[in-house]
There are 2 protein chains.
Amino acid sequence: MPQRHQHQVRRRLRDNVSRWTQPRDVILDILARTKKHLSAKEIYDTLYSTHPGIGLTTVYRTLELFHRLGVVQKVTSPDGQSRYQLRSEGSQEHHHHLICIRCGKIIDYQDFAEEELKLVGKTEQVLSQKHNFLILDHNIEFLGLCEKCRKETQKS
Amino acid sequence: MPQRHQHQVRRRLRDNVSRWTQPRDVILDILARTKKHLSAKEIYDTLYSTHPGIGLTTVYRTLELFHRLGVVQKVTSPDGQSRYQLRSEGSQEHHHHLICIRCGKIIDYQDFAEEELKLVGKTEQVLSQKHNFLILDHNIEFLGLCEKCRKETQKS
DNA sequence: TTACTAATGAAAATGATTTTCATTTTCTCT
DNA sequence: AGAGAAAATGAAAATCATTTTCATTAGTAA
Ligand SMILES: [Mn+2]
Ligand SMILES: [Mn+2]
Ligand SMILES: [Zn+2]
Ligand SMILES: [Zn+2]
């Protein structure tokens with residue numbers, strides 16, 4: 001939605017990469033148009049209709065690049081694939097996840113953010129010292145069944 | 001270490017399974033002898049010296065079984081493999097993880113447990129309602145580089 | 001012991017991600 | 001605008017963890 005943000009991100013990427021290419025632009029665009037967490041395959045499928053020339057390999061490489069530059073958040077789902085979401089500014093900034101162990105769906109939430117931030121900060125400080133561990137990121141996630149899978153599980 | 005616990009667990013498993021087999025017994029034993037989080041392959045390698053007859057497939061099936069019965073905790077590591085740890089009683093009961101994104105090492109921690117439990121409980125209640133999501137488990141994890149990988153990363 | 005099947009193991013299949021390498025594209029410098 | 005260097009790409013093959021298939025083995029109740 002916020003097209004301004006997409007421009008900011010694109011500028012930021014251009015500045016940290018030696019060449020800005022069409023695949024990168026297209027993939028960024030797809031990520032910017034959704035709030036969902038997409039898998040490489042899902043992005044590739046979306047791409048394919050308009051840009052059949054772009055390969056799945058490039059999708060993987062680009063997502064990895066975006067992730068390395070901190071523009072994209074990568075979530076390793078227990079369903080065996082990684083999913084990617086553009087980091088957005090402002091309100092949606094800090095959030096965590098509900099992950100469906102059956103279909104891999106990821107739901108964002110940001111309830112109790114202040115409280116959580118306080119606890120995480122404190123914990124992070126203590127742990128990095130105690131274990132001489134360089135903490136780069138943290139996840140809080142609730143695993144279970146989404147509404148759809150909950151129903152489908154009952155039947156079988 | 002606490003051999004008593006292993007017996008309790010074995011009894012609990014026997015009661016919920018139609019047959020108790022040698023592979024299951026051996027795998028449980030390996031899990032009970034360590035505090036680490038082991039991958040299927042690591043368990044298989046350990047097994048191989050004394051029981052070359054047991055196959056990797058059975059290791060996977062057994063771990064999945066133990067996990068389904070709640071005896072083993074399964075952690076999906078961003079390094080692409082799952083790791084398994086026997087749930088222990090008492091002190092180690094409730095804990096979370098530091099995960100190395102380079103080598104997959106998992107470190108347990110249980111600092112600020114009370115505080116965390118309070119926050120998680122509250123969050124769980126609110127989220128399961130709001131999203132009609134059946135919450136089965138939660139993870140709090142810090143991702144980064146363990147001491148060893150931290151050093152090895154500097155060199156290269 | 002026997003008979004019934006759950007459980008197993010070997011091999012093949014799957015599926016996500018990575019690697020390889022020849023070709024294309026971007027971008028800087030005329 | 002055009003040329004050249006090197007980064008980026010894409011197709012195909014390789015990896016690698018996990019799952020499936022199916023013929024054989026081994027717990028267990030009678
Ligand atoms: Mn998210
Ligand atoms: Mn643990
Ligand atoms: Zn689901
Ligand atoms: Zn490490």
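Below, chain A is the first sequence line, B the second, and so on; all start at residue 1. Being a predicted model, the structure only gives us computed values, none of them experimental.
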> Starting from C1' on C:dC27, measure out to CG on A:D25 and report it in whole angstrom.
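Rounding to the nearest Å, CG of A:D25 and C1' of C:dC27 are 16 Å apart.
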> Under 30°, 30 to 60°, or over 60°: which ring-plane class applies to A:H94 and A:H96, parallel, tilted or perpendicular?
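Perpendicular.
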> For B:S82 and for B:P23, locate the closest nucleotide of DNA chain D by heavy-atom distance; then report the residue assigned to the nucleotide nearer the 5' terminus.
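Looking at the nearest nucleotide for each, B:S82 comes out on the 5' side.
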> Throw together a table of side-chain donor-acceptor distances under 3.5 angstrom for residues 119-126 of chain B, partners on residues two or more places apart or in other chains.
unit_1: B:K122; atom_1: NZ; unit_2: A:E115; atom_2: OE1; d: 3.1
unit_1: B:K122; atom_1: NZ; unit_2: A:E115; atom_2: OE2; d: 2.7
unit_1: B:T123; atom_1: OG1; unit_2: B:L119; atom_2: O; d: 2.7

> List in chain and number order the residues that pass salt bridge (Lys or Arg N to Asp or Glu O under 4.0 Å) with B:K130, two or more places apart in sequence or in another chain; answer none if no residue qualifies.
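Applying salt bridge (Lys or Arg N to Asp or Glu O under 4.0 Å) to B:K130 gives A:D111.
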> Between atom CZ in A:R83 and atom P in C:dA16, what is the gap in whole Å?
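Interatomic distance, CZ of A:R83 to P of C:dA16: 10 Å.
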> Distance-only check: which donor-acceptor pairs under 3.5 Å involve side-chain atoms of residues 51-64 of chain B, not counting sequence neighbours?
unit_1: B:T62; atom_1: OG1; unit_2: B:T58; atom_2: O; d: 2.7

> Apply side-chain hydrogen bond (donor to acceptor under 3.5 Å, both in side chains) to B:R102 and list each qualifying residue two or more places apart in sequence or on a separate chain.
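Per chain and number, B:R102 pairs via side-chain hydrogen bond (donor to acceptor under 3.5 Å, both in side chains) with B:E152.
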> Both A:P52 and B:W20 contact DNA chain D. Taking the nearest nucleotide for each, which residue is further toward the 5' end?
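Going by which nucleotide is closer to the 5' end, it is A:P52.
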> Rounding to a whole Å, what distance do you find between A:Q22:CD and C:dT26:P?
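Nearest whole value for this atom pair: 7 Å.
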> Would you grab the first and last nucleotide of DNA chain D (5' to 3') that comes under 4.0 Å of any non-hydrogen atom in chain A?
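Listing 5' to 3', DNA chain D meets chain A from D:dA5 to D:dA12.
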> Using side-chain hydrogen bond (donor to acceptor under 3.5 Å, both in side chains) as the criterion, list what pairs up with A:E141, not counting sequence neighbours.
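A:E141 satisfies side-chain hydrogen bond (donor to acceptor under 3.5 Å, both in side chains) with B:N139 once adjacent residues are dropped.
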> Can you name the residues that form a side-chain hydrogen bond (donor to acceptor under 3.5 Å, both in side chains) with A:K148, not counting sequence neighbours?
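Scan of A:K148 (side-chain hydrogen bond (donor to acceptor under 3.5 Å, both in side chains), adjacent residues dropped) gives none.
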> Between protein and nucleic acid, restricted to nucleotides 1-6 of chain C and to nitrogen or oxygen atoms under 3.5 Å apart, what atom pairs and distances do you find?
unit_1: C:dT5; atom_1: O2; unit_2: B:R19; atom_2: NH1; d: 3.0
unit_1: C:dT5; atom_1: O2; unit_2: B:R19; atom_2: NH2; d: 2.8
unit_1: C:dA6; atom_1: O4'; unit_2: B:R19; atom_2: NE; d: 3.4
unit_1: C:dA6; atom_1: O4'; unit_2: B:R19; atom_2: NH1; d: 3.4
unit_1: C:dA6; atom_1: O4'; unit_2: B:R19; atom_2: NH2; d: 3.3
unit_1: C:dA6; atom_1: O3'; unit_2: B:S18; atom_2: OG; d: 2.5
unit_1: C:dA6; atom_1: N3; unit_2: B:R19; atom_2: NH1; d: 2.8

> What side-chain donor-acceptor pairs closer than 3.5 Å can you find for residues 8-19 of chain A, not counting sequence neighbours?
unit_1: A:R10; atom_1: NE; unit_2: A:D25; atom_2: OD1; d: 2.7
unit_1: A:R10; atom_1: NH2; unit_2: A:Q6; atom_2: OE1; d: 3.3
unit_1: A:N16; atom_1: ND2; unit_2: A:R12; atom_2: O; d: 2.8

> According to side-chain hydrogen bond (donor to acceptor under 3.5 Å, both in side chains), who are the partners of A:K41, at least two apart in sequence or on a separate chain?
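In terms of side-chain hydrogen bond (donor to acceptor under 3.5 Å, both in side chains), with neighbours along the sequence ignored, A:K41 is linked to A:D45.
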> Quick one: A:L56 CG to C:dA16 P, roughly how many Å, whole number?
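One finds 9 Å between P of C:dA16 and CG of A:L56, rounded.
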> Which parts of residues 58-73 of chain A get close to DNA chain D, meaning a heavy atom less than 4.0 angstrom away?
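Correct list: A:T58, A:R61.
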> What pairs with A:H37 under ring pair (Phe, Tyr, Trp, His ring centres under 6.0 Å), at least two apart in sequence or on another chain?
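Scan of A:H37 (ring pair (Phe, Tyr, Trp, His ring centres under 6.0 Å), adjacent residues dropped) gives A:H97.
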> More 5' along DNA chain C: B:T57 or B:V17, using each one's nearest nucleotide?
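With B:T57 and B:V17 compared, the 5'-side residue is B:V17.
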> Do B:L98 and A:H131 have side chains that approach each other closer than 4.5 Å (heavy atoms only, starting at C-beta)?
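In short, these two side chains touch, coming nearer than 4.5 Å.
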